[in-house]
**Q** 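Dropping a structure here in structure tokens format, bear with me for questions.
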There are 2 protein chains.
Amino acid sequence: METAPDDVAELAAQLRPALLRLGRMIRNQRVDFSLTLGQLSALYTIEKSGPLSPRQIASLERVQPPSMTKILASLEELDFIRREPHPTDGRQALIAVTPKGEEYLQIERTARDRWLNRRLAMLEPAERAILMSAAPLIDKLAEI
Amino acid sequence: METAPDDVAELAAQLRPALLRLGRMIRNQRVDFSLTLGQLSALYTIEKSGPLSPRQIASLERVQPPSMTKILASLEELDFIRREPHPTDGRQALIAVTPKGEEYLQIERTARDRWLNRRLAMLEPAERAILMSAAPLIDKLAEI
DNA sequence: TATTGTTATACTCTATAACTATA
DNA sequence: TATAGTTATAGAGTATAACAATA
């Protein structure tokens, strides 16, 4: 049974387990385990899309507002985020990452990159060239 | 500042966020949310590497044995796994996935593939060809 | 009156400690 | 005596419900 050159289903079946497995391994590269996954994920989200209100962060993180209240309180305690009043709506607060929070994220990102770097260095240059051309496509798949 | 054709660090920085983002989106494609992530992950592990003892599963899943005891009890209650005595060691049990458990996993896998299929179908054939050649490399990165 | 955010409380999941059975 | 697995109990983390402040 021959696989067609452009078999979408075959490609999905090949790609899915490989992506999930490598993604899990990258996520496991942590330097500092003092933040829970929920705290780390919220911090990434605020960095990426902030400043955001607690409710917006809760929605993006798919947790309920009271749960986010606790996560934000713990991050504020660490001085990883700061809170500013909303310019026009007195009920809302706007949350942003502090320089200390940015530094934490950068250290974690560097650890993940270093790990991935070591792995990539074991490939042939031609293989890395393929991955380099695949990277924007993987990003596109997540974007559509 | 020009990027070298074979810049490993640049590749890692490109690949990491794309992989993590797409992986997260694939993982979010669930059909049935009655299993917790811990239950689902243990079931995948048993399917992949089983039959395994509870202690081995706990180790692979990076949870403590008492936590795995509960997860296994819930999966057994659902008739997703079965327990057999170890042939030579009366203390151990060997856990394997039942046909009903396999069916559950297959349904979840199919949902993830269907979602990924739809996305892949939006790409150009040439782009899919690049991803097809990248898939084994992504797998290789996780394997090394 | 509706919405944002917090506090109060309960439930789920995982961990450590203690116990039973087998090697 | 050591190891596999379970039971007992406690500690995080998240949820729902109720409340205070602002739109």
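All chains are named by letter (A, B, ...) in the order of the sequence lines, taking the proteins before the strands, and each is independently numbered beginning at 1.
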**Q** Name every residue in residues 23-37 of chain A that has at least one heavy atom under 4.0 Å from any atom of DNA chain C, in order of residue number, or write none if there are no such residues.
**A**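 The stretch gives none, as no residue of it lies under 4.0 Å from the strand.
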**Q** Rounded to the Å, how far apart are A:Ile81 CD1 and C:dG5 C1'?
**A**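 After rounding, the gap between these two atoms is 14 Å.
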**Q** Could you note down all residue pairs passing side-chain hydrogen bond (donor to acceptor under 3.5 Å, both in side chains) where residues 130-144 of chain B supplies at least one of them, sequence neighbours left out?
**A**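 Listed by first then second residue: A:Arg21-B:Asp139, A:Glu127-B:Lys140.
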**Q** B:Arg112: what forms a side-chain hydrogen bond (donor to acceptor under 3.5 Å, both in side chains) with it, not counting sequence neighbours?
**A**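 Expected list: none.
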**Q** Remember a base hit wins even if backbone is also touched, and classify A:Thr88 as base, sugar-phosphate or nothing at under 4.0 Å, heavy atoms.
**A**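 Sugar-phosphate only.
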**Q** For the backbone of A:Gln92 and the side chain of A:Ser53, can you confirm whether one donor and one acceptor N or O come within less than 3.5 Å of each other?
**A**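 Side chain of A:Ser53 to backbone of A:Gln92: no pair is present.
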**Q** With no hydrogens and no angle check, is any side-chain donor or acceptor of B:Arg128 less than 3.5 Å from a backbone partner on B:Leu120?
**A**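 Side chain of B:Arg128 to backbone of B:Leu120, a donor-acceptor pair under 3.5 Å: yes, one is there.
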**Q** Using modelled atom types only, decide if a donor and an acceptor are shared between the side chain of A:Gln29 and the backbone of A:Met25 within a distance under 3.5 Å.
**A**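 It does hold such a pair.
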**Q** Could you say whether A:Arg62 or A:Gly90 is positioned toward the 5' end of DNA chain D, judged by the nucleotide with the nearest heavy atom to each?
**A**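 The 5'-side residue here is A:Arg62.
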**Q** For B:Glu10 and B:Gln14, which I'm curious about, is there any donor-acceptor pair between the side chains at under 3.5 Å?
**A**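 Judged by distance alone, the side chains do pair up.
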**Q** Could you state the atom-to-atom distance from CD1 of A:Ile95 to P of C:dT4 in whole Å?
**A**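 It works out to 14 Å between those atoms.
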**Q** In whole angstrom, give the distance that lies between atom CD of A:Gln39 and atom P of D:dA12.
**A**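 That distance rounds to 12 Å.
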**Q** With sequence neighbours excluded, what pairs up with B:Ser74 under the side-chain hydrogen bond (donor to acceptor under 3.5 Å, both in side chains) test?
**A**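 side-chain hydrogen bond (donor to acceptor under 3.5 Å, both in side chains) check on B:Ser74 returns B:Gln39.
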**Q** Write down the protein N/O and nucleotide N/O pairs, taken from nucleotides 1-7 of chain D, whose separation is under 3.5 Å; answer none if there are no such pairs.
**A**
unit_1, atom_1, unit_2, atom_2, d
D:dT3, O4', B:Arg91, NH1, 3.4
D:dT3, O2, B:Arg91, NH1, 2.8
D:dA4, OP2, B:Arg55, NE, 3.3
D:dG5, OP1, B:Ala93, N, 3.1
D:dG5, OP2, B:Arg55, N, 2.9
D:dT6, OP1, B:Arg83, NH1, 2.9
D:dT6, OP2, B:Thr69, OG1, 2.9

**Q** Tell me the side-chain hydrogen bond (donor to acceptor under 3.5 Å, both in side chains) pairs involving residues 57-71 of chain A, sequence neighbours left out?
**A**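 Listed once each, the pairs are A:Ser41-A:Glu61, A:Thr45-A:Glu61.
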